[in-house]
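Below, each value reflects all heavy atoms present in this structure, side chains not excepted, and no hydrogens, waters or symmetry copies. Nothing here was measured: the structure is a model prediction, and the numbers come from that model. Chain identifiers are assigned alphabetically (A, B, ...) following the order of the sequence lines, protein sequences preceding nucleic acid strands; residue numbering begins at 1 within each chain.
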Amino acid sequence: MSKNIRYLVPLIIFIVVAAFLYRGLSLNPREVPSPFINKPAPDFTLQKLENMGEQFSNKDMLGKVWLLNVWASWCVACRQEHPLLVQMRRRGEIPIYGLNYKDAPSQARQWLKQHGDPYEISVVDFQGNVGIDYGVYGVPETFIIDKRGIIRHKVIGPISTNILNECVMPLVKVLEQEDPQVTPTEYQRVEGCA
Amino acid sequence: MVPEIGHFALILALCIAIVQAVVSIAGAQLGVKSWVAIAKPAAQAQLVFVVTAFGCLMYAFIQNDFSVTYVAMQSNSMLPTVYRISAIWGGHEGSMLLWVTFLAVWTGAVAMFSKNLPDDMVARVIGVMGLVSAGFYMFILFTSNPFDRLLPPAMDGRDLNPLLQDPGLVIHPPMLYMGYVGFSVAFSFAIAALLSGRLDAAWARWSRPWTTVAWMFLTMGIGLGSWWAYYELGWGGWWFWDPVENASFMPWLMGTALVHSLAVTEKRGSFKNWTVLLAIFAFSLSLLGTFLVRSGVLTSVHAFATDPERGVFILILLLITIGTSLALFAWRAPKVGMGGKFHLVSRETFLLANNVVLVVAAAAVLLGTLYPLLLDALGMGKISVGPPYFNAVFVPLMAPAVFLMAIGPITRWKQANVMDMVSRLKWAAAIAIIMAIVTPFAMGEWGLLRPLGFALSFWVASAVVITLVERVQKVKGPGNYFSKLVGLPNSFLGMCVAHFGVAVFVMGVTMVTSYEVEKDMRMEVGDTVTMGGYTFQFNGVSKVKGPNYNANRGHIKVTKGDDLVTNLYPEKREYLVQTMPMTEAAIDTGLFRDLYVSLGEPVSGGAWSVRVYYKPFVDWIWVGCFIMAFGGFLAISDRRYRLVSKKREEEELAQAGEGVQGATAHKVATSEK
């Protein structure tokens, strides 16, 4: 009998895989509970991609609503959202800043030359340290940061037209109404981002 | 009215599928002749109804019936007719309908081409296929009905995703699905064999041509998909290890292992349990692929609409189908005999090694695909497994498989002589080593992996030639070399051709990854760039209007020396309905190189960013795939499948006369010695 147990191995393996698949169904790969939401964006000062002699800090953006988009030239999914970002920049509705994550600056620059540059400024996070501070799981990710420098939302994975129209832009409009001097008792949310 | 007819036809198809499954299997198990006789007509009736349903949906698409939700989601009145048809499988509901339609086509084919098989066996096979069909009909009818009405009707549709508006997408999914679904036949034969307890060489012979056909379609489907990604996505790559690509690649690896394992089971009676398991796995991975693509548990470039409810349904289907099969396997397999014995150096050993490598490779791809999901489910965070993992794991696994591929065919069954093999393959080894040195030298650049790639390619190709020459020399009688070559059995020629296809494929991959040249430039009108001996001159951008898009079309004149080679017109399109920008690369295809130009963004001063690639031998990748598929085609056209099945029938009759029933009758293949 014990010899015949081995014929059960494929079934047992399959059941384990199926259990994981079931668990996977109730998980949304795009939704990552982030401890960073509604917390101040971690500070960074990094070299600018286009001009390595200059630096850019997130503090330069206090008083403005902006997007921090984590990208890399090696990232396939970034190419998917890229045309949309380029379009957003052309419309000029919201400033997008790029965090070039674990990438060779020369390749990153070439990538922007080819696909168009949607960023006001891109900064170089060669070691990926700032990415760790921001709890970056995968590329691309996009943080929406308010006038007081608080992370209000993050989009995991490529931004689609849907996410843009139903979450990102409505939230940006809400954030632009906010007074940077007042600390809100409760952070406003947008339905499309839920 | 027409959509309702389609819906009704689909419901009838479900009812027939249930009858087909229950009555046929029960009849075969209980030995009721009249129940067994239901199997074939039921399969044919089911085919008629599902084709009717599919036709109704096609009609709705061609007629722009936007009162059907699915049509309104996928199509648009401005969409050209051919894309209206391919839009049927551009979304979830329609692709599932295509899936079941193909399943019915395969079932119908089994009913039609199995006149020489014992009736109870055919009934079991058709019954198992009916079970699978019934599951998928229920899935479609309960969770994803393509015939749902939209009230009030939409004025116009939301249009097909521009990425999918391409000739490649008209044929790629049908090919892929034919392959996916085709493995259901091998699966059903395996389950039927387990049910009847007759797991013998005859079973392997029956399954073989079906498996080969499915494998052939899958090979073409994957090749076409890769080609589509290459010219349509505008990134110049041909494989991205995306979850959806992996979902098609895993059944292919498993199916390739199955094709080889079936050969051993048929010829030598060995590896029976292993072969059955592979047949179950190949189809299970097809089902898993469907689940991964349709349930949204993984993020992918191919972002389809996802819905957890559907996910649960497919998962239940998966559990029932695969779980029951594996349980059946665990129950029946211990009683199966071991089959012919063989020595360490024998063709059996090489085929077993090939099997193990392919299965391990499929497992590695599965692990890489599911790993993000596993970690996530365990609460260990989200990660993405990228191409570096797959390349690091896959190349070292496949290199030995390709190496062994050359040796297997010249090795004798049961026991082979090592020295004899060395002396027969010495020329192949010599050619491989020489070409591994000469080719990088000729191309002008060295690297670590390049010589290995070239060596493997030439090793396999020359071993194929040696195998053919040896075989031709053995043919006695009159006739010249060529007529003797053509006179060889098609199944043998098919194997040689398929292996040669792998050599061509390896050549293409090695060449393009080693020697492609890529340049991104800012180009003003009149600017030129030279690459691989070709001069590309940018002659500006003009505006053009397509049927449902506006485009900026660049003009690039390519010259070599003083001769004009071609004019390339890459486009940047803006589709009107979905306002989605699309890059349409322009490619000049050649036997030894592709010239690939894609248009980037406008930059300051009327200049454009332009990306130019010089890709040596890139088309060999797809040509290799098609040669492999053609090998499969040759193999199934072998006359022995027709002759032998007749002989088999006589044997069955004789056996029935002796009163031998069911039971595991060990039969070593009699044919082909």
request  = With side-chain contact (heavy atoms from CB on, under 4.5 Å) as the test, would you mind laying out the steps for B/Lys519 and A/Gln110 before giving the verdict?
outcome  = CA-CA 9 Å; B/Lys519 263 189 192 163; A/Gln110 206 165 47; over 6 Å; no
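- For chain A, the nearby parts of B/Leu318 are the backbone and the side chain; heavy atoms of each come within less than 4.5 Å.
- Contact between B/Ala330 and A/Leu8 at its shortest, heavy atoms only, is CB-CD2, 3.4 Å.
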Take A/Tyr7 and B/Asn273, measure what side-chain contact (heavy atoms from CB on, under 4.5 Å) needs, and give me the verdict at the end.
CA-CA 9 Å; A/Tyr7 292 106; B/Asn273 281 334; 3.5 Å; yes
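- Of the inter-residue distances, the one linking A/Arg79 atom CZ with B/Thr583 atom OG1 reads 11.0 Å to the nearest 0.5 angstrom.
- The nearest pair of heavy atoms linking B/Leu315 to A/Ala18 is CD2-O, 4.1 Å.
- How far CZ of A/Phe14 is from CZ of B/Phe281: 10.0 Å, rounded to the nearest 0.5 Å.
- The two residues A/Gln114 and B/Ser598 have their closest heavy-atom pair at NE2-OG, 3.5 Å.
- For A/Lys64, the NZ atom is loosely surrounded, since the number of other residues' heavy atoms within 6.0 Å does not exceed 12.
- Heavy-atom distances place no part of A/Val9 under 4.5 Å from chain B, backbone and side chain included.
- The distance from atom OG of B/Ser609 to atom CG of A/Leu112, rounded to the nearest 0.5 Å, is 10.5 Å.
- Only the side chain of A/Arg90 comes within contact range of chain B, judged by heavy atoms closer than 4.5 Å.
- The candidate with the highest count of non-hydrogen atom pairs below 4.5 Å against chain A, out of B/Ile280, B/Leu599, B/Ile322, B/Leu366, is B/Ile322.
- Expressed to the nearest 0.5 Å, how far NZ of A/Lys113 lies from CE of B/Met521 amounts to 9.0 Å.
- Remark: B/Arg158 CZ is loosely packed, at most 12 non-hydrogen atoms of other residues, nucleotides or ligands lying under 6.0 Å away.
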